[in-house]
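Have a look at the structure below before the remarks.
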Amino acid sequence: MSISKTYLPKETEDKWYSYWLKHNFFKSVPDEREPYTIVIPPPNVTGVLHMGHMLNNTIQDVLVRRARMKGKNACWVPGTDHASIATEAKVVAMLKERGIAKKDLTRPEFLTYAWEWKEKYGGIILDQLKKLGASCDWDRTKFTMDEELSEAVIDTFIHLYKKGLIYRGVRMVNWDPQGKTAVSDEEVIRKEVNQKLYYIKYQVSSIKYQDQGADDQNSNDLILDTKYLTIATTRPETIMADAAICINPNDERYVHLHGKRVFIPLINREIPVILDDYVTMDFGTGCLKVTPAHDLNDYELGQKHHLPVIDILNDDGTLNEKAQILVGEDRFIARKKIAVLLEEAGALAKVEDYKSQIGFSERTDAVIEPKLSMQWFCKMGEMAKPALDYVLNGEVKLIPEKFVNTYRHWMENVRDWNISRQLWWGQQIPAWYLPNGEFVIAKSEDEALKEAQLKTHNLQLTTADLTQDPDVVDTWFSSWLWPISVFDGFKDPNNADINYYYPTNDLVTAPEILFFWVARMIMAGHEFRGQAPFKNVYLTGIVRDKLGRKMSKSLGNSPDPLDLIEQYGADGVRVGMLLCSPAGNDLMFDVSYCEQGRNFANKIWNAFKLIKGWEVDNSLANPNEIAIEWFDSRFNQALGEIEDNFAQYRLSEALMATYKLVWDDYCAWYLEMIKPAYQQPIDAVTYKATVAYFENILKILHPFMPFLTEELWHDELFGERDTLDCCIVAQLPNIGEINTQLLSEVEVVKIILTQIRNIRQTKQISPKEALELSVKSNSGINYQQYEAIIAKLGNISVFTAVNDKVSGAVNFLALTDEFFIPLNESIDPVVECARLNKERDYLLGFLKSVDAKLNNERFMANAKSEIVENERQKRADAEAKLKITEQNLADLAC
RNA sequence: GGGAGUUUAGCUCAGCUGGUUCAGAGCAUCUGCCUUACAAGCAGAGGGUCACUGGUUCGAACCCAGUAACUCCCA
């Protein structure tokens, strides 16, 4: 049977994934081993796999697989998030297509449709993760609206309410007019947008109304005009909601306005001029329109000055009757129309281009409208404190550490969390309203009734008198419980799972949800378990394209991860992702990394092919002792580096160390050293060692490249394997002895071989032509033991040790040892002299710099002794080399 | 406006408590090779005023101050 020339991922991936599943390798139940737990950041149930997931889950899988191979009981809990706004929007859209409007449905009817939709389309993303190789314990798959998880949400709500941490109040919230719901601060994405700044003239009321003809005034004129004051706003459509004009009391330009009143243009409502140093004098005109209903800062200013709140917007962003004009128009259309009306009325002084930050809804991308409404809030201050401490005292480690500062800043300035959403898809708020407007909080309608009867001392009340709050809680109010609720730690706080798996080990997530998810999970962990939910938080970067732009659907710059897997194989894509992903820094993704990953897979495949093709001859002696011993040391050395990198969560460096070990050390050096001549058999000892090394290499590769390694693992090259003897559960080798002298001497051998190849290249000598090599050793290295290797890889026919230099031969230095290769052609003395002179100049310069240190009293006094010793050694080496070089120069009579 | 971070080869990044010649890796580039494991490869080579300006130090990519550019978070 011939082996394919390249690795073919498609033939292995599904096969091994099913095999792993069939034999329950991903499954975890508590036992006596040490647990290693990761809970997945639950993707939206509506989501499809994008590059961010790809990165995130590759990292998790690498960590989980490695833990499994270190003998831990590894458990990776998967699941999805019900994503109320996003899912509800999808369901509404689906219904609309079928000609059904949400408003015509009852809540239960709507929810039936929603569940249907979820069952049918939800969770695709979990199947996509399987393609990537994610070794999740699928039996533990959870959904944030599962019965136990929902129950946990309700219980949590009640618990926090009783503790006084949840309250109801009118607050300015971020209103999403498209989703028609409030969203939390964290769900508002700010973007810089080109806008217009409208300068609008308000007539001052104590002056008689006259003179309209001054369109061409500049700003200074505007200020000097005492009949009008001019404000600058980006939102002219909200002037009808103005409650006052505010100026800075120190603003000398406007002293004449103190105590005055002005008219709102078009509707001619009279409003006061108020004074507050909140107003920045040098922004706009220095006059600020105060619109408490439609701006957070204005709201606060309004509260301070007891201004009325006039809300002129409907929930869908259209103007209502209170606006008096443009009623029913959408806010953006109204903006354009009112500009025209103001212009016609002579109230528009000018329009400027202006850039400013605008909030957009993360879920619907609608422009967020600040809106006053009655909402439920969760107090954060008290909970933030312990959650901050976990991170500050290192019980929860953020990786990289730079996020600690950001985290602290946020936790110290945390604001109360608006947890209600005006949606149906989610956990309905467990509050029941009584006819008198009071409310009770209870787990069920029956309990609510009892509470209500108790509260009102009215036993006549029936459930018909109660109305449950129609809103649901924020999705994050269920995801913050995730590390506890996936192990059913609320209903059954002492069950075997939660006691075993909690706290979890590592959380891998994006820094953008550090606050609205990570911080809150720590709060919940502390509140409900008295323990942080995880020990380490690995924050990945944002996947960007080559040009540094965030990958997004709208830009169309994101490759489909499944296409990438199709093209480069799951292992190739995993390697590609990790090659360019430093922790916490954004990564500039490019498919060329996947290509590199695929090439690497292919390299391993071909190394396998080579070994597989050898025939063993038991009668042969082992000529490769040195090579075998060297690779053993090198392997152990690399193992240490990899271990160290993992301990610091430097995954891309751990991968790179592995990559170089395999490609350079194993393939390029080791296999070349021991490779028998064409169609010659190999001795048994070398063969055995080589196969054993290869098996160890498969182990360290497995977390990165699970499919390829599992495929090779089962080849008969490695002998008969039991059904359950799989690479996925193989135990990683321990670090063995390292012969450092051998390692450094082989480095010299590599220099010699590189020099020989270099000479061949420059002198255009074919690799097939054998050369003679002599060495005049000054270092004490016994080159005899490396003779076989040098002869084989350098194609050297005769390798001799000499006491005197060989004249007329090409020569080079490796450390302080001199090597000679006699050639037929004579050496050009001019070229050779130039080379030697350059070498001498360099050495002289080097010596000078070393001597400068050694002759410097302050250096000798201050530098550590090993550094001084090091300088002395450098000096000795340089002098030795200089001596050789000068001798060569003298011999050539340069 | 407040805070954090980044700036090292064409690209992506290492460079741990300042101390092996003004620095490493992978990719890319250039040159030569279809040398029967691999052209998705092999061998060799080139490439950097460590953003800029000062300072501290015997010694600075690394510490300090300032400047510039970019990124992120918060308001």
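Quick caveat, the model's predicted, so the values are computed rather than measured. Just so it is clear: chains get the letters A, B, ... in the order the sequence lines come, proteins before strands, and each one is counted from 1.
Looking at the side chain of T754(A), the nearest of the listed nucleotides G5(B), G44(B), U35(B) is G44(B). With U57(B), C38(B), A37(B) as the candidates, the nucleotide lying closest to the side chain of Y678(A) is A37(B). Here C38(B) is the nucleotide among C38(B), U36(B), A37(B) with the atom lying nearest to any side-chain atom of K5(A). Checking A14(B), U36(B), G5(B) against the side-chain heavy atoms of E653(A) singles out A14(B) as nearest. With C58(B), G41(B), A4(B) as the choices, the nucleotide that has an atom nearest any side-chain atom of T406(A) turns out to be A4(B). Here the nucleotide nearest the side chain of N606(A), chosen from A75(B), A4(B), C38(B), is C38(B). For K675(A), counting side-chain heavy atoms from C-beta on, the closest listed nucleotide (A37(B), A40(B), A4(B)) is A37(B). Distance from the side chain of K874(A) is smallest for U20(B) among the nucleotides U20(B), G19(B), A37(B). Considering only side-chain atoms of R415(A), the nucleotide from A37(B), A75(B), G26(B) that sits closest is A75(B).
When only modelled atom types and interatomic distance are considered, Y670(A) and D665(A) share no side-chain donor-acceptor pair under 3.5 Å.
At the heavy-atom level, Y659(A) lies under 4.0 Å from the strands shown only through sugar-phosphate atoms. Contact annotation for N856(A): backbone-only contact, meaning every heavy-atom pair under 4.0 Å involves sugar-phosphate atoms and none involves a base. At a threshold of 4.0 angstrom between heavy atoms, the contacts of R650(A) are confined to the sugar-phosphate backbone, with no base atom among them.
One interatomic measurement links the two molecules: CD1 of I368(A) to C1' of A75(B), which rounds to 16 Å at whole-angstrom precision. Going from atom CG of N795(A) over to atom C1' of A43(B) covers 14 Å, rounded to whole Å.
Between Y407(A) and F403(A), the gap from one ring centroid to the other reaches at least 6.0 Å.
Between atom OH of residue Y568(A) and atom CD1 of residue I565(A) there is a gap of 13.0 Å, rounded to the nearest 0.5 Å.
At a cut-off of 3.5 angstrom, counting only N and O atoms as typed in the model, there is a donor on one side and an acceptor on the other between the side-chain of K603(A) and the base of C38(B). One N or O donor and one acceptor, one from the side chain of E672(A) and one from the base of A37(B), sit under 3.5 Å apart. Remark: the Q679(A) side chain and the U36(B) base include no donor-acceptor N/O pair separated by less than 3.5 Å.
For R872(A), there are no side-chain hydrogen bond (donor to acceptor under 3.5 Å, both in side chains) partners, not counting sequence neighbours.
Evaluated for a side chain to side chain contact (heavy atoms under 4.5 Å, CB included) with L655(A), the options N645(A), V575(A), V62(A) yield exactly one hit, V575(A).
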message: Please convert RNA chain B into dot-bracket. A pair counts if it is Watson-Crick or G-U wobble with both distances under 3.5 Å; crossing pairs go in [ ] and bases paired with another strand get |.
response: (((((((..((((.....[....)))).(((((.......))))).....(((((..]....)))))))))))).

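With contacts defined as side-chain heavy-atom distances shorter than 4.5 Å, the pair W713(A)/E695(A) qualifies.
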